[in-house]
Amino acid sequence: MKKGMIKVTVMYPFSEEKSFNMDYYCNKHMNLVKESMGDFMKAVSVEKGLAGMVPNSPAPYFAMGNMYFDSLEKFQTAFSKAGNLMADIPNFTDIEPQIQISEVLLEE
């Protein structure tokens with residue numbers, strides 16, 4: 001990742017009443033993401049929530065997926081052709097994801 005890149009973060013909030021299949025997400029859904037986004041996507045990562053800030057508290061999110069693009073336009077172009085990604089969500093969770101699009105301002 002480098003300064004000026006666009007980071008798209010997909011967050012799946014934790015809830016005792018919800019489920020999330022991390023194996024499917026990492027090994028199947030993320031492969032679908034890579035195929036769908038093609039060369040527009042420069043990097044991808046997945047994070048698993050372990051804990052909250054308060055000792056013994058649950059993580060605020062089950063998982064976060066991060067995708068990096070050179071520009072907002074390249075993300076929008078790639079995503080406009082990737083309707084299959086949203087259709088795959090019920091295969092690994094019953095959580096409605098939260099999405100944030102950010103610009104990378106600092107790299108070290």
Side-chain angles (χ1 to χ4, degrees):
M1 125 185 89
K2 62 183 180 182
K3 184 177 178 181
M5 290 187 87
I6 298 302
K7 178 183 177 185
V8 179
T9 304
V10 183
M11 300 166 282
Y12 298 90
F14 176 81
S15 170
E16 299 256 347
E17 296 81 36
K18 300 291 184 178
S19 65
F20 192 90
N21 183 327
M22 188 64 74
D23 182 60
Y24 185 98
Y25 184 67
C26 288
N27 297 307
K28 294 186 181 173
H29 185 73
M30 294 314 288
N31 286 331
L32 186 60
V33 168
K34 291 175 195 174
E35 291 170 13
S36 298
M37 297 294 163
D39 293 336
F40 289 107
M41 187 172 69
K42 299 303 177 186
V44 65
S45 67
V46 172
E47 301 169 28
K48 176 183 176 184
L50 298 179
M53 191 67 185
V54 176
N56 301 316
S57 67
Y61 299 97
F62 279 107
M64 291 184 281
N66 305 293
M67 300 172 283
Y68 295 88
F69 297 85
D70 286 330
S71 69
L72 181 59
E73 294 76 24
K74 289 187 178 182
F75 162 69
Q76 291 170 333
T77 298
F79 193 72
S80 70
K81 302 173 184 176
N84 57 336
L85 296 179
M86 300 305 282
D88 191 49
I89 291 173
N91 291 324
F92 61 89
T93 190
D94 54 354
I95 300 168
E96 184 175 340
Q98 298 175 352
I99 300 172
Q100 178 166 307
I101 301 172
S102 307
E103 179 183 1
V104 176
L105 297 180
L106 177 67
E107 78 169 299
E108 293 187 13

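- For Y61 and F14, the ring centers sit 6.0 Å or farther from each other.
- In the hydrophobic cluster analysis, where Ile, Leu, Val, Met, Phe, Trp and Tyr join through side-chain heavy atoms closer than 4.5 angstrom, M64 is grouped apart from V44.
- Across all their heavy atoms, P60 and G52 have their closest contact at CD-CA, 4.2 Å.
- Rounded to the nearest 0.5 angstrom, M11 CE and N66 CG are separated by 9.0 Å.
- The two residues V46 and C26 come nearest to each other via the heavy atoms CG1-SG, 3.9 Å.
- Side-chain atoms of T93 come within 3.5 Å of backbone N or O of S19 as a donor-acceptor pair.
- Annotation: Y12 is in aromatic contact with Y25 [ring centroid separation under 6.0 Å].
- Residue N31 places its CG atom among more than 12 non-hydrogen atoms of other residues, nucleotides or ligands, all under 6.0 Å distant.
- One finds the CG atom of D70 at 5.5 Å from the NZ atom of K2 (value rounded to the nearest 0.5 Å).
- Under a hydrophobic clustering in which Ile, Leu, Val, Met, Phe, Trp and Tyr are joined whenever their side-chain heavy atoms come within less than 4.5 Å, directly or via other members, L32 and F20 fall into the same cluster.
- With rounding to the nearest 0.5 angstrom, the OH atom of Y24 is 3.5 Å from the CG atom of N91.
- Side chain of N27 to main chain of D23: a donor-acceptor pair is present (N/O by atom type, distance under 3.5 Å, no hydrogens or angles).
- Between the E107 side chain and the K3 main chain, a donor and an acceptor come within less than 3.5 Å of each other.
- The aromatic rings of H29 and F92 lie tilted to each other, with the angle between the two planes from 30° to 60°.
- A distance of 8.0 Å separates CD1 in I101 from CD1 in I6, rounded to the nearest 0.5 Å.
- Here the CZ-CE distance, from F62 to M22, works out to 9.0 Å after rounding to the nearest 0.5 Å.
- The structure places CE of M30 at 11.0 Å from CG of D88, a figure rounded to the nearest 0.5 Å.
- Linking ILVMFWY side-chain heavy atoms closer than 4.5 Å, directly or via other members, places V104 and I99 in two distinct hydrophobic clusters.
- In this structure, E96 has no side chain to side chain donor-acceptor pair (under 3.5 Å) partners at least two apart in sequence or on a different chain.
- Annotation: side chain of M1 is not in contact with side chain of K7 (no heavy-atom distance under 4.5 Å).
- With F79 as the fixed residue, the side-chain contact (heavy atoms from CB on, under 4.5 Å) test singles out one of M41, M67, M37, K74: M37.
- Under the 4.5 Å side-chain heavy-atom criterion for ILVMFWY residues, a single connected hydrophobic cluster contains both V10 and F40.
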